[in-house]
Amino acid sequence: MIGLAIAGMLAAAVEGPIPRSNLKALIGPADYPASLAGRPRPGPVSVLLTVGPNGRVTRCDILRASGAAALDAATCRLLVSRSRFTPASDADGRPTQGGMSATILWPAPAGSKD
């Protein structure tokens with residue numbers, strides 16, 4: 001089902017959304033979920049961000065989980081609240097909904113020896 005939605009969304013957008021800043025820089029060690037402290041560090045999390053015509057993320061879907069649900073949820077929560085985009089544009093250059101994928105490898109948690 002997500003695949004069909006993505007195909008429709010991408011067909012409408014001629015140029016995809018462009019992040020206004022480095023997405024990986026929006027997440028820092030202090031954001032690391034406290035519930036994961038002392039546990040082995042999970043892997044990267046891959047997401048699909050749906051960006052509205054206003055440049056704000058309207059949806060975040062996990063494409064590849066990190067192995068820690070708390071980290072996956074935090075990734076989406078932080079990217080939705082912190083990231084801003086130049087929106088996708090249609091064939092006439094008007095802002096439209098678009099999508100982009102990103103893979104985030106979280107930095108070591110604050111106080112970690114990683």
Side-chain angles (χ1 to χ4, degrees):
M1 187 67 158
I2 290 177
L4 293 176
I6 294 169
M9 177 174 43
L10 296 178
V14 173
E15 184 176 318
I18 301 168
R20 292 188 182 165
S21 63
N22 180 344
L23 296 179
K24 295 172 186 174
L26 298 175
I27 297 174
D31 296 314
Y32 201 82
S35 63
L36 299 177
R39 293 185 176 179
R41 199 160 133 203
V45 57
S46 296
V47 297
L48 173 65
L49 301 174
T50 302
V51 179
N54 64 355
R56 302 284 308 255
V57 176
T58 59
R59 182 178 173 135
C60 178
D61 293 296
I62 302 296
L63 297 176
R64 187 181 72 210
S66 66
L71 198 70
D72 299 341
T75 301
C76 277
R77 178 179 51 79
L78 293 169
L79 290 176
V80 167
S81 68
R82 295 179 180 173
S83 60
R84 301 293 179 268
F85 292 80
T86 299
S89 57
D90 65 16
D92 295 322
R94 291 182 301 239
T96 188
Q97 178 173 289
M100 71 161 293
S101 61
T103 298
I104 305 294
L105 178 59
W106 276 67
S112 172
K113 295 179 183 172
D114 259 1

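Computed over heavy atoms, backbone and side chain alike; hydrogens, waters and symmetry mates excluded.
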Flag for Trp106-Thr75: side-chain donor and acceptor within less than 3.5 Å:
yes

Side chains of [X] and [Y]: does their closest heavy-atom pair fall under 4.5 Å?
X     : Y      : result
Arg56 : Val51  : no
Pro29 : Pro109 : no
Leu79 : Val57  : no

Set of side-chain contact (heavy atoms from CB on, under 4.5 Å) partners for [X], sequence neighbours left out:
X     : result
Pro95 : Pro53, Pro87
Cys60 : Val47, Leu49, Cys76, Val80
Arg94 : Asp90, Asp92
Pro19 : Leu23, Phe85, Met100

Over all atoms of both residues, closest heavy-atom pair of [X] and [Y]:
X      : Y     : answer
Ala74  : Pro33 : CB-CG, 4.1 Å
Thr103 : Ser46 : OG1-OG, 2.8 Å
Ala68  : Pro42 : CB-CG, 3.6 Å

Look up atom [atom1] in [X] and atom [atom2] in [Y], then write down how far apart they are to the nearest 0.5 Å.
X     : Y      : atom1 : atom2 : value
Ser21 : Leu26  : OG    : CG    : 4.0 Å
Ser66 : Leu105 : OG    : CG    : 10.0 Å
Leu48 : Ile62  : CG    : CD1   : 10.0 Å

Applying salt bridge (charged side-chain N to carboxylate O under 4.0 Å, His left out), which residue pairs with at least one partner in residues 64-78 are found, sequence neighbours left out?
none

Name all pairs fulfilling the side chain to side chain donor-acceptor pair (under 3.5 Å) condition that reach into residues 78-88, sequence neighbours left out, sorted by first residue then second.
Asp31-Arg82

Count the heavy atoms belonging to other residues, nucleotides or ligands that lie under 6.0 Å from CZ of Arg39, then report whether that count exceeds 12.
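No - once you tally the heavy atoms of other residues, nucleotides and ligands closer than 6.0 Å, there are 12 at most.
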
